[in-house]
Amino acid sequence: MKIKRLLAIAAATMTTVALAGCTTYALPDTSSVGLAYTGGSWDSKAYQKCIPAGGNEAIDNGGDTAYYPQGTRTWAFGQAGGDGPAIAVSTKNQELSVSGLITFTLDTTCTEWTDAAGKVWPGGPLQKFHETIGRSKAAEFTEDSTQVPQGWKDTLALFLGGPADRVMDITAGDYTWQQLYTDPVKAKAFTKTVADALPAQIKDATGGDTYFNIIAVQINKPTLPQALLDEMQLKEKELLAQETEAQKVAFQNSWPGGQVVYQEWARRNAETNCLDSGKCTLVPAGMSVSVPAAS
């Protein structure tokens with residue numbers, strides 16, 4: 001009997017030690033992919049395995065898991081509740097600010113992969129992204145993918161917002177402000193050029209690896225600077241003082257940008273007054289251009 005009791009105590013003690021020494025990682029939800037690491041501090045951690053969205057458990061002594069979002073995401077700029085400020089662009093004759101939306105996915109491939117330098121990454125492009133960019137920026141998520149870390153926002157501002165700013169400013173130099181403000185054909189051409197050039201600019205910013213796949217780019221009608229709006233307002237008052245139709249037409253033609261720009265401004269001014277009076281609700285439309293998949 002005494003021997004049986006000793007054996008039972010020993011078995012219970014071993015079980016307790018085993019349970020205390022293991023950590024069970026939280027399961028990623030269907031919106032996240034996890035990278036499981038073993039070891040203590042980050043300097044001594046070693047990649048263990050990839051945990052697919054909604055996948056299995058990874059159990060290891062003292063390990064940790066970094067989660068990244070899978071699926072379509074957006075980066076909004078220059079709009080209420082967005083992720084970044086409006087982007088300033090310099091046209092041929094005027095600086096404007098633009099707002100819009102970039103739709104993208106993060107490459108969450110985590111199967112073994114060899115990069116351009118010949119280094120093998122057991123956890124694929126996602127492991128390299130985490131260890132070269134994400135970890136230093138604190139961009140990784142917890143198992144709760146609804147909680148967006150500030151580091152993730154900062155990473156997108158740097159690697160999406162920065163390249164978008166450069167591409168838009170360079171491209172806008174081929175247009176006048178009147179073309180981007182009143183000509184839908186020119187505005188769409190501007191958006192398409194930006195969308196086509198953006199992936200390469202992002203790839204350069206991340207060191208030559210395609211971590212972000214751009215799905216579509218939307219650029220809304222630009223916002224005119226206050227000085228130009230004030231000038232238009234003044235000319236509108238002068239127009240009201242004109243008596244003949246011929247004088248009105250002549251005045252419209254003398255408007256900065258000509259009659260077409262005046263008519264567009266008058267329409268937008270009427271919409272603003274309508275909104276301010278609470279008599280109508282208008283939803284501004286933007287130009288959205290899809291980005292062809294890389295061949």
Side-chain angles (χ1 to χ4, degrees), residues 74-80 82 84-103 161 163-201 214-240 242 245-275 280-292:
T74 57
W75 188 77
F77 56 97
Q79 45 197 294
I87 293 177
V89 299
S90 298
T91 66
K92 288 180 179 179
N93 55 353
Q94 180 68 56
E95 185 173 279
L96 307 173
S97 63
V98 295
S99 62
L101 195 71
I102 298 174
T103 305
D165 191 324
R166 291 189 290 274
V167 169
M168 289 183 196
D169 196 39
I170 292 171
T171 306
D174 295 330
Y175 299 87
T176 64
W177 72 265
Q178 293 93 336
Q179 289 174 326
L180 296 184
Y181 190 73
T182 65
D183 188 336
V185 175
K186 295 292 186 182
K188 187 169 185 178
F190 168 69
T191 302
K192 185 178 187 309
T193 301
V194 170
D196 290 345
L198 187 57
Q201 191 72 232
I214 305 303
I215 298 173
V217 175
Q218 174 181 308
I219 302 177
N220 300 324
K221 184 183 286 291
T223 300
L224 301 184
Q226 190 60 47
L228 187 54
L229 291 172
D230 291 344
E231 181 182 354
M232 291 180 172
Q233 190 70 47
L234 178 61
K235 286 192 173 291
E236 170 71 4
K237 293 178 180 178
E238 293 175 4
L239 177 60
L240 294 175
Q242 301 297 323
E245 187 64 29
Q247 287 175 313
K248 291 180 181 179
V249 172
F251 178 80
Q252 291 179 18
N253 287 331
S254 70
W255 192 269
Q259 188 179 38
V260 173
V261 175
Y262 166 76
Q263 291 172 346
E264 171 65 15
W265 177 84
R267 181 188 66 78
R268 290 174 63 82
N269 195 42
E271 290 177 354
T272 299
N273 292 335
C274 183
L275 286 170
C280 60
T281 301
L282 300 174
V283 179
M287 293 288 184
S288 180
V289 173
S290 297
V291 178

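Atom CZ of Phe77 sits about 9.5 Å away from atom CG of Asp165, to the nearest 0.5 Å. Between Ile102 atom CD1 and Ile215 atom CD1 the span is 12.0 Å, to the nearest 0.5 Å. Here Phe190 contributes atom CZ and Asp174 contributes atom CG; the two are 9.5 Å apart, rounded to the nearest 0.5 Å. In this structure, CG in Asp169 is found 7.5 Å from CD in Glu95, a value given to the nearest 0.5 Å. With rounding to the nearest 0.5 angstrom, the OG1 atom of Thr193 is 12.0 Å from the CG atom of Leu198. Here the CD-CG distance, from Gln94 to Leu228, works out to 5.5 Å after rounding to the nearest 0.5 Å.
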Handout entry: side-chain contact (heavy atoms from CB on, under 4.5 Å) evaluation trace for Thr223 with Leu96
Key = CA-CA 6 Å; Thr223 300; Leu96 307 173; over 6 Å; no
Exercise for the section: Determine, stepwise, if the pair Gln178 / Asn93 fulfils side-chain contact (heavy atoms from CB on, under 4.5 Å). Expected result: CA-CA 9 Å; Gln178 293 93 336; Asn93 55 353; 3.0 Å; yes
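Listed by chain and number, the residues in a side-chain hydrogen bond (donor to acceptor under 3.5 Å, both in side chains) with Gln201 are Arg166 (sequence neighbours excluded). Scored by the side-chain hydrogen bond (donor to acceptor under 3.5 Å, both in side chains) test, Asp230 finds Gln226 as partners (sequence neighbours excluded). Listed by chain and residue number, Tyr175, Gln179, Asp183 satisfy the side chain to side chain contact (heavy atoms under 4.5 Å, CB included) test with Lys186 (two or more places apart in sequence, or in another chain). Residues forming a ring-ring contact (aromatic ring centres under 6.0 Å, His included) with Tyr181 (at least two apart in sequence, or on another chain): none. Listed by chain and number, the residues in a side-chain hydrogen bond (donor to acceptor under 3.5 Å, both in side chains) with Thr171 amount to none (sequence neighbours excluded). For Ser99, the side-chain hydrogen bond (donor to acceptor under 3.5 Å, both in side chains) partners at least two apart in sequence or on another chain are Asn220.
Within the 3.5 Å criterion, the main-chain N or O of Gly100 finds a donor-acceptor partner in the side chain of Gln79.
Nearest approach of Thr91 to Trp177, heavy atoms of both residues: OG1-N, 3.5 Å. Residues Ile219 and Thr191 come closest through the heavy atom pair CB-OG1, 3.7 Å.
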